[in-house]
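Below you'll find the structure, written out as structure tokens, and then a few comments.
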Amino acid sequence: MSEPRRALPVVSVVVLAIASGGLACGTTPPDPSGQPRSASDPLDDAAGDLVARPPSRGKVRGGERMRRTVTWPEADTRSVEAYESLDARSREAVDLAPVPVLVPALAEALDERKVMQGPEWAAFWGRRETAESTVTITVNASRMARVYPGVTPKPGPHTLRGKEAFVSRNEGIWSATWIEHGVAYDLGLECAPVDAPPCDDQAGVEALAEGLVYVGGRGPEPKQEQEVER
Amino acid sequence: MSRTSTWAWAAVAATVMGMGAGLGLAPTTGWAGEPEPFEYMPPGTLVAGSGQGRVDDTVYAPGMRFPTEEGPAFANSQVWGNGGGQGPGGGQCDAVNYDYPWWDNYCETRSWDMPMCPAGIGHQGQDIRPATCQNAVHWTVAADAGTVTNIGSYSVYVTAADGTRYDYLHGANQIVGVGQALDRAERINRVSNAFGGTPTTYHLHFNIRKDVAGFGNVYAPTYMSLVTSYQELFGLVGNGQGAVELDSSSCEAMIGWAQSGDDPEGAATVLIAFDGEQDDPNATVIEILADRPRPDLCDVLGSCDHGFEAEIPLRLRDTALHEARFYVVGQNGTPVELDDSPFSFMCEPPPVPAGVRRELESPEVMVAWAFSPLYQVAWAPADVLAGLPQGNVFPEYPVLVVSDGDPAPAETKTRWLMDPGYKRAVASEEIATAWGLPWSEPETWPAEVLDGVPSGTPLRPEPFLVTGDEGVVYAIDDEQCPLVDGQLDPSCEPEGEDDTAGEDTAGDDLPGGTAGDGDGTGGVPAPGATDDDEGCACRSDGSRPGGGVGWWLLALVAAGLRRRRA
């Protein structure tokens, strides 16, 4: 029952020398000396040394991709009011988003609100300008994680939206990070002047995170979740 | 203190130094007249007294374009450099700030959460001074094709297709808008000193924000991605040679040799890029060492230890055609492709053992168990996966315990893997190693707690993880007897088990080190087993094992232990 089956005929291994445009099996690889190898070449003897150690596993640059399993919120938790406050292009982005889109509540009274999306992510951007300050808010959501061997997971020391969270401040820009609905979210809060409210206290970014509302997304895809990229 | 140098520096500085007049004071030494070799301090080496860096040579954004349009550029600390608040004095335009070597300043002392920093707090990115100490002259450019997802008062974010976000801080004169699509290397703004009203030094603060399993969206180390992209920008080609030995390679391993020109007797680093060039962000690129003894190379190369033999990743044994390109990495430039690269392969996956499939619910589970998606997850056709009954979800993280009531010496106490609802014997250190369990460092649980947890089947000799084209990752495991009020269903007798299942006497009365029936099979059903005869003889409906009091008890205890470890 366990034999993998596929319509494509499978060859145990096909070695193709794409660079040379021909089959490489049976060709003689160049010797470092530039001389062709013969059957009595010491290279053949070296095979014994190589067999003595199992083949090496490499360290993956950029991390090993693994798609997150999205747990979509119940439809009745969606804020229709916040969704309808977006422009048509942003509403379209919400509808196409591969992850649940969270945005600041309308009470934040932002002058501009935009939602964007990509194959593995969604992003909100909003801005409010007053005579005293400019406040910029970002929310990013990702479903494509990278696994790095040797990176030891740590639980965030804060709690936001009932989840373990990290809260950081990068060059004056507040940032909160947590995992919700199976998706990695981060919230950014930037003010000019840097310490203008609500950036004058950590409570500002925490309150903003707690107030985020779900406005939608493209919904469950039973056959597209948590993919380990091929 | 060691430095890494680039001796093959191309004529970079001369192209930059044409601008004499400027708002800033031009550096007077180093690069002004003569091309200067690119040097960088090792990753994690911070300016003395500025904190503890992360020693990590991982390129977190392979294929990234260097984020300024032209060079040279100088990565170093603003705060601890000349003219900085913690620096030795002087001014920001001092020549020493505009000279090599580069210095890492990721994790430099700050007070905010940074989970990837050794101290748990620190600086989130890398500070980069542009070619000259001038305001709003030097362009920043997109590190990858993507979408502008933020323009703040002093920040611009560009998000690539895979969700990686590149942050550009302190710039001026943005020529992009929110929502705009950018090509790789497209102009964004000019390096400046914007900081929400109070100016900083002229520099680009550059972050790479990635979704890192185990943390979520965090600021990743930037330094080596900048080093490699800088070398790429200036066409600094590395120095090395090697070859892929195609007729020796197979579905088991890819074989060849490589030698670095910078360190001819040392082990060369080899990059293997699957399904793309080494600088293609969509390629899977691995690093291995060419360090295997090869007597045949001694005379030719002057030293012997230059062979490599790389495992074909299990995940790529999926019946599809894959291409692997091989490169040798010199210290001083971009990797050099080996002779006879690429190697193409099409390999069959291993057969899927019988059992139930248990979902690994998130990348965090993968990380907690230290499983590799590339090397430990097999591919299987959908019909094979569909033919396996679904079990309960795989444990969120491993907990290996011994009982304080086990009279055996510490090294031979029975080890148990705590699996929600059950405890499962780990029969040997070899099995623990195969699963990545800390055999020599088990947690000690009170006998009264452990004895109350029903015994499941012994842990299998090694993990088998599998995914299909749809992508959900499963561990193939034994089906466990269902629980009734937190205890094993008395009518259930798992096949292949004769001592623990059905009783609740495991723990302090088991002989140390001989958990289970000792047959070493871990209860793996025979090949060809059907759904009805896998693991539990009393069940035939394929439904998931139940929960119960034991599960909740264990969950509470495990959660407490996890918190303590954190």
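Protein chains get the first letters and strands the later ones, always in sequence-line order, with residue 1 at the start of each.
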Looking at [options], which has the largest count of heavy-atom pairs under 4.5 Å with chain A?
options	value
Val178(B), Asp56(B), Thr164(B)	Val178(B)
His170(B), His123(B), Met64(B), Met224(B)	His170(B)
Thr147(B), Thr159(B), Val367(B)	Thr159(B)
Thr58(B), Asn150(B), Ile288(B), Val270(B)	Asn150(B)
Gly216(B), Ser153(B), Gly197(B)	Ser153(B)
Asn207(B), Ile272(B), Val218(B)	Asn207(B)

Rounded to the nearest 0.5 Å, what separates atom [atom1] in [X] from atom [atom2] in [Y]?
X	Y	atom1	atom2	result
Trp121(A)	Arg165(B)	CH2	CZ	11.0 Å
Phe345(B)	Met254(B)	CZ	CE	6.0 Å
Glu112(A)	Arg127(A)	CD	CZ	6.5 Å
Thr198(B)	Tyr154(B)	OG1	OH	10.0 Å
Arg61(A)	Glu64(A)	CZ	CD	14.5 Å

Any side-chain donor near an acceptor of the partner, [X] and [Y], under 3.5 Å:
X	Y	answer
Tyr219(B)	Arg209(B)	yes
Glu190(A)	Ser155(B)	yes
His205(B)	Asn170(A)	yes
Ser341(B)	Glu337(B)	yes

Between [X] and chain B, with a heavy-atom cut-off of 4.5 Å, which part of the residue counts as in contact: side chain, backbone, both or neither?
X	value
Gln202(A)	side chain
Glu171(A)	both
Ser142(A)	both
Asn140(A)	both
Lys114(A)	side chain

### Nearest atoms (heavy-atom pairs only) where Ser248(B) meets Ile255(B)
O-CD1, 3.4 Å
Tell me, side chain or backbone of [X] under 4.5 Å from chain A's heavy atoms, or both, or neither?
X	answer
Leu271(B)	side chain
Ala161(B)	both
Met116(B)	side chain
Gln259(B)	neither
Ala378(B)	neither
Ala273(B)	neither
Arg317(B)	neither
Val466(B)	neither
Tyr157(B)	side chain

### Message
For a salt bridge (charged side-chain N to carboxylate O under 4.0 Å, His left out) check, start with the C-alpha distance between Lys154(A) and Asp113(B), then their side-chain angles and the critical distance, and finish with the verdict.
### Response
CA-CA 11 Å; Lys154(A) 291 178 186 172; Asp113(B) 290 352; over 6 Å; no
Based on non-hydrogen pairs under 4.5 Å, which of [options] is most in contact with chain B?
options	result
Val183(A), Asp186(A), Val60(A)	Asp186(A)
Ile179(A), Thr138(A), Val167(A)	Val167(A)
Gly172(A), Ala123(A), Ser168(A)	Ser168(A)
Gly63(A), Ala192(A), Cys191(A)	Ala192(A)
Pro157(A), Gly118(A), Ser175(A)	Ser175(A)
Val115(A), Ile137(A), Thr177(A)	Thr177(A)

Give a yes or no on whether a salt bridge exists between [X] and [Y], defined as a side-chain N under 4.0 angstrom from a carboxylate O.
X	Y	result
Lys59(A)	Asp57(B)	yes
Lys210(B)	Asp167(B)	no
Arg294(B)	Glu245(B)	yes
Asp87(A)	Arg113(A)	no
Arg53(A)	Glu309(B)	no

Identify each donor-acceptor pair in which a side-chain atom of residues 144-152 of chain A lies under 3.5 Å from a protein atom, sequence neighbours left out, and give them as a table.
unit_1: Arg146(A); atom_1: NH1; unit_2: Gly62(A); atom_2: O; d: 3.2
unit_1: Arg146(A); atom_1: NH2; unit_2: Asp162(B); atom_2: OD2; d: 2.5
unit_1: Tyr148(A); atom_1: OH; unit_2: Gly62(A); atom_2: O; d: 3.0

#### Entry: Residues from residues 129-136 of chain A approaching chain B under 4.5 Å (heavy atoms)
Thr134(A), Thr136(A)
### Task
Report, as yes or no, whether the 6.0 Å neighbourhood of atom CG on Asp200(A) holds more than 12 heavy atoms from other residues, nucleotides or ligands.
yes
### Message
Lys163(A) vs Glu180(A), test: salt bridge (charged side-chain N to carboxylate O under 4.0 Å, His left out). Steps then yes/no.
### Response
CA-CA 7 Å; Lys163(A) 312 293 182 186; Glu180(A) 182 177 356; over 6 Å; no
